[in-house]
Undergrad: 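Once you've had a glance at the structure underneath, I'll fire off some questions.
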Amino acid sequence: MTHVTFLNRQALYLRPDPARVVVRPFKPATEPRDLHPKEKTRANHIVDRVLGLDPEAAASQLIDVLENFDGRHRNLLRTFEFRCDEMEEAFDPHPPFSRIQRQLIGAYFLHEYSFEAAALFNPSIVPHPDQSGAGEGEKRFVLSLRSVGEGHISSLTFRSGTVTAQGIVTVDPTVRLASVPKVVARSPVPDGEAVELAFSPEEDISERLIFPITASQSNGIEDARFVEFHDGPRKTYYATYTAYSGSAIRSELIETTDFQTFRMGPMRGSAARNKGMALFPRKIDGRYAMIGRQDNENLYLIYSDDLFSWDGGVAILRPRFPWEFVQIGNCGSPIELDEGWLLLTHGVGPVRKYSIGAVLLDKDDPSKVLARSSEPLVRPEPSEREGYVPNVVYTCGAMRHGDYLVLPYAVSDTFSAFATIRIDALLREMRG
């Protein structure tokens with residue numbers, strides 16, 4: 001997989017698991033009104049059929065549903081009732097539902113969704129906000145991943161793990177259950193809508209799935225680039241991600257301090273109309289800074305005063321080597337070293353092959369390129385390049401731990417793997 005001696009590829013893989021499911025709203029397709037202009041909707045037909053069951057038959061049917069599904073989800077009866085409440089306005093006038101009828105009707109308007117059936121890829125990694133339990137020289141981390149299920153809809157999922165002082169990576173076991181957050185608040189903002197989300201404290205981080213919520217992200221939350229951002233003593237985790245509506249893309253921002261509650265909302269400006277933006281982990285000269293690619297080919301340095309408005313920018317990196325002649329992009333937020341800002345990049349070469357490289361930027365003036373890798377750090381190899389999109393290795397962010405760079409990366413838009421890199425050796429190999 002690699003042509004460099006200072007990279008250690010780990011025997012650790014995260015592959016998509018179709019057994020991991022959440023319950024999602026199900027809406028029956030409606031018949032064309034010109035076919036049955038005077039008939040009730042299909043939803044009301046379903047309600048009428050449930051109400052036609054005698055109480056004993058309804059209770060028996062609900063028991064049968066629970067025997068089939070209760071062990072696969074948390075608080076399933078409460079979920080059924082909540083779904084019926086959501087649908088209430090769509091139902092014709094009806095006699096009051098009994099509790100069993102309400103739960104059973106809710107069950108008919110839900111379905112299981114296998115959110116990572118197709119792919120689990122494009123990871124990013126940050127230090128865990130809770131380092132309790134870490135041994136001497138170890139660091140706990142949170143890994144974000146893009147999961148893809150039915151309909152090729154992308155959502156955001158998480159894992160936790162540990163890296164040792166020697167650079168050995170382990171990922172905590174994944175719990176069987178999965179859940180979506182409660183939408184705590186919605187608010188209009190310029191260019192769209194912001195939402196606040198909350199998961200229950202008892203849910204393991206690997207249970208937590210952020211599925212598209214707003215119209216701008218209805219067909220996918222893609223490629224979150226998380227960074228641990230420091231603003232004085234305050235520490236916040238931000239991630240830029242691509243929101244896909246089905247017809248348009250744009251960059252949006254997610255914010256959290258604990259990976260239990262989140263705020264998501266759009267960014268604005270000319271630089272936010274494309275994908276692949278990555279935030280620096282602190283302000284530079286009192287301003288927020290990003291690396292982005294507005295023109296689909298080169299990398300730009302962009303500044304903002306308020307974190308949400310991103311216009312203009314200066315081109316600082318252009319394709320230079322054969323493995324990146326088609327285009328270049330960032331592979332996550334810059335990492336601060338004594339020597340400068342270490343920026344991982346991706347390059348696209350012949351036969352649309354994606355490889356991962358690195359660039360060193362000046363710490364005081366990131367528009368100055370001090371050095372860059374002339375050859376990829378990681379590239380697709382014949383033994384491991386098959387998948388949904390062949391010939392691609394890609395990452396949305398690495399993490400420094402002592403002398404090592406911990407690099408999670410995706411293979412062929414299908415599964416994820418890990419490598420560690422000696423930072424001193426990497427810097428020696430880079431050139432101006």
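All figures in this text were calculated on a predicted structure; none of them were measured in a lab.
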Undergrad: Taking the side chain as everything from C-beta on, heavy atoms only, tell me whether W341 gets closer than 4.5 Å to K363.
TA: yes
Undergrad: In the structure I gave you, are the side-chain heavy atoms of M277 and T242 within less than 4.5 Å of one another anywhere?
TA: no
Undergrad: With distance as the sole criterion, is a donor-acceptor pair present between the side chains of E252 and S216 under 3.5 Å?
TA: yes
Undergrad: Would you call the rings of F199 and F262 parallel, tilted or perpendicular, where under 30° means parallel and over 60° means perpendicular?
TA: perpendicular
Undergrad: Of N330, L377, I421, which is the lone residue that meets side chain to side chain contact (heavy atoms under 4.5 Å, CB included) with L344?
TA: L377
Undergrad: Decide side chain to side chain donor-acceptor pair (under 3.5 Å) for H401 and E138; before the verdict, give the C-alpha distance in whole Å, the side-chain angles of both, and the deciding distance to 0.1 Å.
TA: CA-CA 8 Å; H401 178 52; E138 293 182 342; over 6 Å; no
Undergrad: Just checking, is any N or O donor in the side chain of Y300 or Q294 under 3.5 Å from an acceptor N or O on the other one?
TA: no
Undergrad: Applying side chain to side chain donor-acceptor pair (under 3.5 Å) to R159 and S206, what does each step give before you reach the verdict?
TA: CA-CA 5 Å; R159 301 288 189 274; S206 66; 5.9 Å; no
Undergrad: Between S304 and D306, is there a side-chain donor-acceptor contact under 3.5 Å, judged purely by atom types and distance?
TA: yes
Undergrad: Salt-bridged, R146 to D223, with N to O below 4.0 Å?
TA: yes
Undergrad: Rounded to the nearest 0.5 Å, what's the gap from OG1 on T214 to CE on M264? Could you check?
TA: 7.0 Å
Undergrad: Thinking salt bridges, do E255 and R263 make one under a 4.0 Å N-O criterion?
TA: no
Undergrad: Go through the side-chain N and O atoms of E203 and S179 and say whether any donor and acceptor fall under 3.5 Å apart.
TA: yes
Undergrad: On the 0 to 90° scale, with breaks at 30° and 60°, tag the F226-F158 ring pair as parallel, tilted or perpendicular.
TA: perpendicular
Undergrad: Going by heavy atoms in the side chains, are S154 and S147 under 4.5 Å from each other?
TA: no
Undergrad: Let's go through T79 and L110 carefully: what are the C-alpha distance in whole Å and the side-chain angles of both, what is the deciding distance for side-chain contact (heavy atoms from CB on, under 4.5 Å) to 0.1 Å, and is it a yes or a no?
TA: CA-CA 9 Å; T79 302; L110 291 165; 4.0 Å; yes
Undergrad: Would Q217 and Y241 count as a side chain to side chain donor-acceptor pair (under 3.5 Å) here? Give the steps.
TA: CA-CA 10 Å; Q217 50 180 241; Y241 63 91; 3.1 Å; yes
Undergrad: Give a yes or no on this: more than 12 heavy atoms of other residues, nucleotides or ligands lie within 6.0 Å of atom CG of D64.
TA: yes
Undergrad: Looking just at side-chain N and O atoms, do T414 and S412 make a donor-acceptor pair shorter than 3.5 Å?
TA: no
Undergrad: We want to know whether S124 and R225 form a side-chain donor-acceptor pair, criterion being a heavy-atom distance below 3.5 angstrom.
TA: no
Undergrad: Are E207 and R176 ion-paired here, with the side-chain N under 4.0 Å from a carboxylate O?
TA: no
Undergrad: Given the side-chain rings of H152 and Y388, with only the six-membered ring counted for Trp, is the space between their centroids under 6.0 Å?
TA: yes
Undergrad: Quick check: are there more than 12 heavy atoms from other residues, nucleotides or ligands sitting under 6.0 Å from CZ of F82?
TA: no
Undergrad: Is the Y113 to F211 ring centre distance short of 6.0 Å?
TA: yes
Undergrad: Among side-chain atoms of S160 and D172, is any donor-acceptor pair under 3.5 angstrom?
TA: yes
Undergrad: Within a reach of under 6.0 Å around CZ of F91, are more than 12 heavy atoms found that belong to other residues, nucleotides or ligands?
TA: yes
Undergrad: Step by step, work out the side-chain contact (heavy atoms from CB on, under 4.5 Å) result for D424 and D403.
TA: CA-CA 7 Å; D424 55 355; D403 298 329; 5.8 Å; no
Undergrad: For the residue pair F141 and H128, is the inter-centroid distance of their aromatic rings smaller than 6.0 Å?
TA: no
Undergrad: Applying side chain to side chain donor-acceptor pair (under 3.5 Å) to E297 and Q327, what does each step give before you reach the verdict?
TA: CA-CA 4 Å; E297 186 176 16; Q327 68 186 44; over 6 Å; no
Undergrad: Any side-chain heavy atom of L343 within less than 4.5 Å of one from I291?
TA: yes
Undergrad: Would you indicate whether the side-chain heavy atoms of I105 and I46 approach each other to under 4.5 Å?
TA: no
Undergrad: Using a 4.5 Å cut-off on heavy atoms from C-beta on, say whether the side chain of K283 contacts that of F229.
TA: yes
Undergrad: With a 4.5 Å cut-off on side-chain heavy atoms, are V392 and V411 touching?
TA: no
Undergrad: Thinking salt bridges, do K139 and E228 make one under a 4.0 Å N-O criterion?
TA: no
Undergrad: Taking the six-membered ring of Y13 as reference, does the cationic atom of R15 (NZ for Lys, CZ for Arg) lie under 6.0 Å from its centre and within 45° of its axis?
TA: yes
Undergrad: Do NZ/NE/NH1/NH2 and the carboxylate oxygens of R379 and E324 come within less than 4.0 Å?
TA: no
Undergrad: Could you check if a side-chain atom of K275 sits within less than 4.5 angstrom of a side-chain atom of Y244, using non-hydrogen atoms only?
TA: no
Undergrad: D17 and T174: side-chain contact (heavy atoms from CB on, under 4.5 Å), yes or no, with the steps?
TA: CA-CA 10 Å; D17 180 3; T174 303; over 6 Å; no
Undergrad: Can E88 and R102 be counted as an ion pair, charged N to O under 4.0 angstrom?
TA: yes
Undergrad: In sequence, state the C-alpha distance, the side-chain angles, and the governing distance for V142 and I125, and then conclude on side-chain contact (heavy atoms from CB on, under 4.5 Å).
TA: CA-CA 6 Å; V142 173; I125 186 172; over 6 Å; no
